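So the structure is just underneath, and the comments pick up after that.
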There are 2 protein chains.
Amino acid sequence: TLAAPALAQSSPKINWRMTSSFPPSLDNLFGAAGDLATMVSEASEGNFVIQPFAPGEIVPALQAADAVSDGTVEAAHSVGYYYWGKDPAWALGSTVPFSLSARAQNAWLYHGGGNEMFNEFLDQYNIHAFPGGNTGVQMGGWYRKEIKSVEDLKGLKFRVGGFAGKVLEKLGVVPQQLAGGDVYPALEKGTIDAAEFVGPYDDQKLGLAQVAPYYYYPGWWEGGPAVHFMFNKEKFESLPPQYQSLLKTACQAVNGNMLHEYDWLNPPALKEVVAGGAKLMPFPEDVMQASFDAANEIYAELDETNPHWQKMWASIKSFRNDWYLYNQTAEYTYDTFMMIQQRAGKL
Amino acid sequence: TLAAPALAQSSPKINWRMTSSFPPSLDNLFGAAGDLATMVSEASEGNFVIQPFAPGEIVPALQAADAVSDGTVEAAHSVGYYYWGKDPAWALGSTVPFSLSARAQNAWLYHGGGNEMFNEFLDQYNIHAFPGGNTGVQMGGWYRKEIKSVEDLKGLKFRVGGFAGKVLEKLGVVPQQLAGGDVYPALEKGTIDAAEFVGPYDDQKLGLAQVAPYYYYPGWWEGGPAVHFMFNKEKFESLPPQYQSLLKTACQAVNGNMLHEYDWLNPPALKEVVAGGAKLMPFPEDVMQASFDAANEIYAELDETNPHWQKMWASIKSFRNDWYLYNQTAEYTYDTFMMIQQRAGKL
């Protein structure tokens, strides 16, 4: 008998399913799963196949991590903070209010031991995750009325995600849960007063300027939110080493690509939403400061009660302080100078 | 006779040499070639091997592109602007004074058609290149004396690279070429007045605070310089498709990684150089403005005479204007708020 050639075993056929938490209408976010699949398939000559699924095709958007955890699917593309209700430490892998900007979050995840800490935490869920994108700082959302001070937040029915909602509740906001498709009619009727979504490129598709024209920035609850590719840990570890390495490399390639694509798409989209009637405004300073203080109250409580949170947040905070000191020098002054030239019409 | 198994042909043994333009002492820049080699080797089960070489081992640092072009080596890790003397359009793949920041340069290269245009230009050199890192905005360098105004640039013997030197010459600077190891003694003796290098992490190793304590920012000649992996075009095209895809994916992974690593290393290094005696200062406004105007004079000339330059620069300029308008909203206000908290000791 002839022994099977050794090489025949080296590229085993593997078929995985990846459930995404992002609807296909968010084409950059949803498309990242397809980008990963293409990279992995091409480099393995079609032997390692990852098939992306939209929310609802296998499980709903917010059950992606559970589906990975219990092995319903091998993989998911999702965001840590969607699962803060299970444990707030989930959010630290992606972002929490007033945390790191996109570049800093990447620095912490890849070189500050951040992603290793996140994976230590995820061990209990049988999940191993790699960063899989970042949107950059998001916008603060669309408001029917102008927000002149922190007083105007009282009673504001605001469609806003989990952790940010918890912070804003302290300032009197009434957080609302609403599917994306219901946002426009709810704002039109006044059932809600405001809604936040992503950044100009994605926001533009909703046409909210017609019903809630005040478009605020920055989305301080998402200074640099990281998206993650999440893998069932046993399935990941059972991959042959060359596929593990390929998958990790491809995740890192996609991680950069999502931010680069948003950075290309958002600037022209911002001009278009303003041309379409959006009234672009910064949050008043007292809103920012009160939100920052409210967030810190929550963080102080979590530091006392949640060891995973405490360890990761201490690491982020230490770097956050160094990062925002460092950035006062070259990056900020360069950007400031270039913005002055932009305003002077010299670019 | 037994036909060779089909799979045996799918992972052919390939051995490539990659010459780097960066000395091993710049461990992040030089290390990127090794990172790429590891990713490619692991995912191909050791069949696709790329061996990195330091400058001088095969060819000197600034002959890396030539060595790729003529097939002396299959690959190089280098920077486009090193070759601006061949043609200024080389520099646009990496950066020119007052061009895009790191995020914007990546957006343009990957999604604005920038890297495609760069490769069209590189066709004449038989080179195909992928982005392979970014340092972020660099520092403005070390000066023996304070620079109080643009007048202080007259006669200044400044160790500064090619394109920036050309701009600074218009303001009276006398650009100097000096190997890295000669910088310290030259500043100590006063043979030169100033020297620029990279950012705090790399600069720190030179110990220049002892001999030229004024440490200026920003390095406006390198707002977001892209490094490139350059491949001999014929060699790249003769790779099997799965290796081409793997190489491209790995280049993109390394591209992000370099910036993330600098972003992790620079903030603490900045604190250390200041603790070590560096006097951290922003360039005076008139120096920035005069430099910007001088750069624009050169760009206007090139627009008239160099079609490759004109096409690429027009594309960059259009995005640069949109980018620095967009960034006045969420990114800048978020960073500004966080820096205010940092200064207030609240982070």
Side-chain angles (χ1 to χ4, degrees), chain A residues 5 7-8 10-11 39 42-43 45 101 103-104 106-107 110-112 136-137 139 217-220 223 242 245-246 249-250 252-253 255-257 260-261 263-264 266-268 270 280 282 288 292 317 320-335 337-339 341-342 347, chain B residues 5 7-8 10-11 39 42-43 45 101 103-104 106-107 110-112 136-137 139 217-220 223 242 245-246 249-250 252-253 255-257 260-261 263-264 266-268 270 280 282 288 292 317 320-335 337-339 341-342 347:
Chain A
L7 282 167
S10 69
S11 293
M39 289 176 187
E42 284 184 357
E45 293 183 90
S101 62
R103 275 177 55 176
N106 275 320
Y110 283 104
H111 291 278
V137 64
M139 293 294 283
Y217 61 85
W220 46 259
Q242 73 274 21
S245 176
L246 172 59
T249 296
Q252 186 154 10
N255 183 66
N257 197 58
H260 307 333
E261 191 165 338
D263 283 345
W264 178 254
N266 277 326
L270 183 70
L280 197 58
M288 294 291 289
F292 180 73
K317 272 175 67 173
R320 187 179 63 163
N321 191 42
D322 283 0
W323 175 258
Y324 284 111
L325 172 61
Y326 169 67
N327 264 259
Q328 288 168 45
T329 60
E331 290 285 353
Y332 193 75
T333 52
Y334 187 76
D335 282 345
F337 179 81
M338 296 303 282
M339 289 174 194
Q341 305 311 310
Q342 198 280 332
L347 292 191
Chain B
L7 282 167
S10 71
S11 293
M39 290 177 186
E42 283 183 359
E45 293 183 90
S101 63
R103 275 178 55 176
N106 275 320
Y110 284 104
H111 291 279
V137 64
M139 294 292 284
Y217 61 85
W220 45 260
Q242 73 273 22
S245 176
L246 172 59
T249 295
Q252 187 155 9
N255 182 66
N257 196 59
H260 307 332
E261 191 165 337
D263 283 345
W264 179 254
N266 276 326
L270 183 71
L280 197 56
M288 294 291 289
F292 181 73
K317 272 176 67 172
R320 186 179 65 164
N321 191 43
D322 283 359
W323 175 258
Y324 283 111
L325 171 61
Y326 170 67
N327 265 260
Q328 288 167 47
T329 60
E331 290 284 354
Y332 193 76
T333 52
Y334 187 77
D335 282 346
F337 179 80
M338 296 303 282
M339 289 175 195
Q341 306 311 309
Q342 198 281 332
L347 290 190

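Note that these values count all heavy atoms, side chains included, but never hydrogens, waters or copies made by symmetry. Chain letters run A, B, ... following the sequence lines, proteins first, then strands; residues in each count from 1. Nothing here was measured: the structure is a model prediction, and the numbers come from that model.
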### Task
Carefully, step by step, assess A:F292 and B:Q341 under the rule side-chain contact (heavy atoms from CB on, under 4.5 Å).
CA-CA 9 Å; A:F292 180 73; B:Q341 306 311 309; 3.4 Å; yes
### Message
Please give me the minimum heavy-atom distance between B:A330 and A:P218, naming the atom from each residue.
### Response
O-CB, 3.5 Å
### Query
chain B: which of A:E42, A:M139, A:M39, A:R103 shares the most heavy-atom pairs with it under 4.5 Å?
A:R103
### Query
At their closest point, which heavy atom of B:Y324 faces which heavy atom of A:Y334, and how far apart are they?
OH-CE2, 3.6 Å
### Message
If you define the side chain from C-beta out and look only at heavy atoms, does anything of B:Y332 sit under 4.5 Å from A:V137?
### Response
no
### Message
Within this structure, what is the CG-CE distance for the pair B:N321 and A:M338, rounded to the nearest 0.5 Å?
### Response
9.5 Å
### Task
Below 4.5 Å from any heavy atom of chain B, which atoms of A:L270 appear? Answer side chain, backbone, both or neither.
side chain
### Message
Heavy-atom pairs under 4.5 Å with chain B: which of A:T329, A:L280, A:D335, A:N327 has the most?
### Response
A:T329
### Task
Would you mind checking which part of B:Y110 comes under 4.5 Å of any heavy atom in chain A, side chain (CB onward), backbone (N, CA, C, O), both or neither?
side chain
### Query
Between B:N106, B:L246, B:N255, which shows the greatest number of heavy-atom pairs under 4.5 Å with chain A?
B:N106
### Query
Run the side-chain contact (heavy atoms from CB on, under 4.5 Å) check on A:L347 and B:K317 step by step: do they pass?
CA-CA 7 Å; A:L347 292 191; B:K317 272 176 67 172; over 6 Å; no
## Note on the structure
When rounded to the nearest 0.5 Å, the distance separating CH2 of A:W323 from CG of B:D263 is 3.5 Å
### Query
Between B:S101, B:G223, B:P282, B:A104, which has the largest tally of heavy atom pairs under 4.5 Å with chain A?
B:G223
## Note on the structure
From the list B:R320, B:Q328, B:E331, the residue making the most non-hydrogen contacts under 4.5 Å with chain A is B:Q328
### Message
Counting C-beta onward and ignoring hydrogens, is there a side-chain heavy-atom pair between A:W264 and B:D322 closer than 4.5 Å?
### Response
no
#### Entry: Side chain to side chain, A:Q252 and B:H260, heavy atoms closer than 4.5 Å
yes
